[in-house]
S.K.: 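I am attaching a structure below and will ask some questions about it afterwards.
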Amino acid sequence: MRGDPSILHVDLDAMFAAVEQRDKVSLRGKPVVVGGLAGRGVVATASYEARAFGVHSAMPMSQARRRSPPGTAYLTPRFPAYKRTSEVVMRLLGEVSPLVEQVSIDEAYVDLAVTGHDLSTAGVTELARQIKAEIAAATGGVTGSIGAASSKLLAKIGSDLHKPDGLTVVPAGQELAVLHPLPVSRLGGVGPATEQRLRRSGVRTVGDLARVPLDDLVDWFGTAHGQGLFRLARARDDRPVVSEREAKSVSAEETFDVDLTDPVRLNRELDLLAARVAGRLRAGGLTGRTVNIKVRHHDFTTVTRAVTRDQPTDDGRLVAQLARRLLAEVDTSSGIRLLGVGVSTLADFAQDDLFSGSFPELGGLFGGPVAPLTEFPVAEAPGAGVAVEVLPAAPPMAEEVAERRDVAAPVWRTGQDVRHDEHGVGWVWGSGLGLVTVRFEGPLTAPGPVRTFPVGDPLLHPADPPDWTGRGTPGR
DNA sequence: TCTGGGGTCCTAGGACCC
DNA sequence: TCTGGGGTCCTAGGACCC
């Protein structure tokens, strides 16, 4: 905690609704609800006129419609417009200080300590007043509330204290006086579950929380959360303002208007989501090793599945393929309301390029760069079967051998998958390293020639993989 | 017509390695 | 041949935030 109120928290008031009211005169002074208008939509932002009727963010739209008076405007979000307004404000804040942490599209912390501004309470108050006026002028009337304090915690609480169009400066030394009367739910990180647990022990205000021993908090909430609450209740918060944070995951998900059961349809949706995620990865110059799916059942129970590969990817077809495998592990027969695809364990460079050369020596497979996808000519044994054995690189696993006489069907063993396309080219598809032995056989006769290939990584193959689904490549 | 979409962080358990 | 302990990676789930 600092000795000056040198951290600002700037929060635009009901931003989505405010932009709509700015852009359409007839909406001013009226209840405006922005969010998903379809059956399962929720409220993203309600204007203050709508909030008076009990409408708030995250409320189901159906409920918002019941609460709102006639004449309420229901609008689908126009993100590009909000983004432009956000950029105007962030640019403005960047002129106040070089250290600005944008938390979301409508919120940011500004560190004044790295500037030459007067950090007295009066000085900061005047500065915040100016910033508020500039925001309103630059955005055409969208207002922001500002809190200034000696920590992020108090700055954020301050900006919330007199919304909308509010300004609260917490003088150094006054933190506990401001904090302790507030309900615990005002602390960042205290949601419904934490609030409920605290209430069970008679804790309602931050002041109450400050009287709970550390051991109890750790008991109830675990080490990290427990210690965090202990500190926050005492206004101990030295989290720095950080301007750049690296993304940790990229994901896309969709809630369907009606629950889906058709596996073909589900797979198609998965492909679309995978393509969206991959496109955003590429746009951000990112690649990731872990592919996740999220499945929400009709009863809102949610499961996730994940698989981590050795090499990162930004290839939508590969993400889709892995996502389909993961989905195959989940029982979808009773109806799916939401499907999601994500990529995590991100690397910020495309590793593909490093290994797109020729096959390395076998020795290189063990710990070194991996080979491209292994191809083998199925046509070498026309009209015959092909036996494929996949031997993992690690000797202890060598007894796990996948064997299959018909490579048209997938082989599921040791994470490997064998296919062939209509051109008579077989593919080994998997993330493991090792050797694949292909034995070409005549029908019901003695084994034919045996060839051994290093198993590489499909991601690294420069050519388009074949369409294993038989339904065409997921389109864009 | 209850419950969006994009994220972050934490925990717990198991595998694996030394 | 009764078995320890720490570190790391991975997966699944949950709480939380805007």
S.K.: Taking syn as within 90° of 0 and anti otherwise, name the glycosidic form of C/dC2.
M.R.: anti
S.K.: Over all strands shown, is A/Gly36 touching base, sugar-phosphate only, or nothing at heavy-atom distances under 4.0 angstrom?
M.R.: nothing
S.K.: Give me syn or anti for C/dT1, where syn covers glycosidic angles within 90 degrees of 0.
M.R.: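 Anti, which is what one calls it when the glycosidic angle falls more than 90° from 0.
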S.K.: Using a cut-off of 4.0 Å on non-hydrogen atoms, how would the nucleic acid contact of A/Glu253 be classed: base, sugar-phosphate, or nothing?
M.R.: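 It contacts base atoms.
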S.K.: Categorize A/Ala58 for me: base, sugar-phosphate, or nothing, with a 4.0 angstrom heavy-atom threshold over every strand shown.
M.R.: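 Result for A/Ala58 = base.
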S.K.: Taking the side chain of A/Ala306 as heavy atoms from C-beta outward, which of C/dC16, C/dA12, B/dG4 is closest to it?
M.R.: C/dA12
S.K.: May I ask you to evaluate whether A/Lys156 reaches the phosphate of C/dC18, defined as a side-chain N or O under 4.0 Å from OP1 or OP2?
M.R.: yes
S.K.: Is there a side-chain contact between A/Asp106 and A/Asp11 in this structure, where contact means two heavy atoms from C-beta onward sitting under 4.5 Å apart?
M.R.: yes
S.K.: Indicate yes or no: does A/Glu195 engage A/Arg199 in a salt bridge with an N to O separation below 4.0 Å.
M.R.: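 Yes, charged N to carboxylate O under 4.0 Å.
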S.K.: With a 4.0 Å limit, can you tell me whether A/Thr255 has a side-chain N or O closer than that to the phosphate oxygens OP1/OP2 of B/dG5?
M.R.: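 Yes.
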S.K.: Would you mind checking if A/Arg268 and A/Asp262 are paired as a salt bridge, meaning a charged N to carboxylate O distance below 4.0 Å?
M.R.: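 So A/Asp262 does not pair with A/Arg268 through a salt bridge.
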S.K.: Does the structure show a Watson-Crick or G-U wobble partner for C/dC18, both distances under 3.5 Å? Name it, or say none.
M.R.: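 Here C/dC18 is engaged in a pair, and the nucleotide opposite it is B/dG5.
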S.K.: Inspect the contact between A/Glu101 and A/Lys152 and indicate whether a charged nitrogen and a carboxylate oxygen are less than 4.0 angstrom apart.
M.R.: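 Salt bridge between A/Lys152 and A/Glu101, a charged N being under 4.0 Å from a carboxylate O: yes.
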S.K.: So, is A/Arg305 close to the C/dG13 phosphate, meaning a side-chain N or O under 4.0 Å from OP1 or OP2?
M.R.: yes
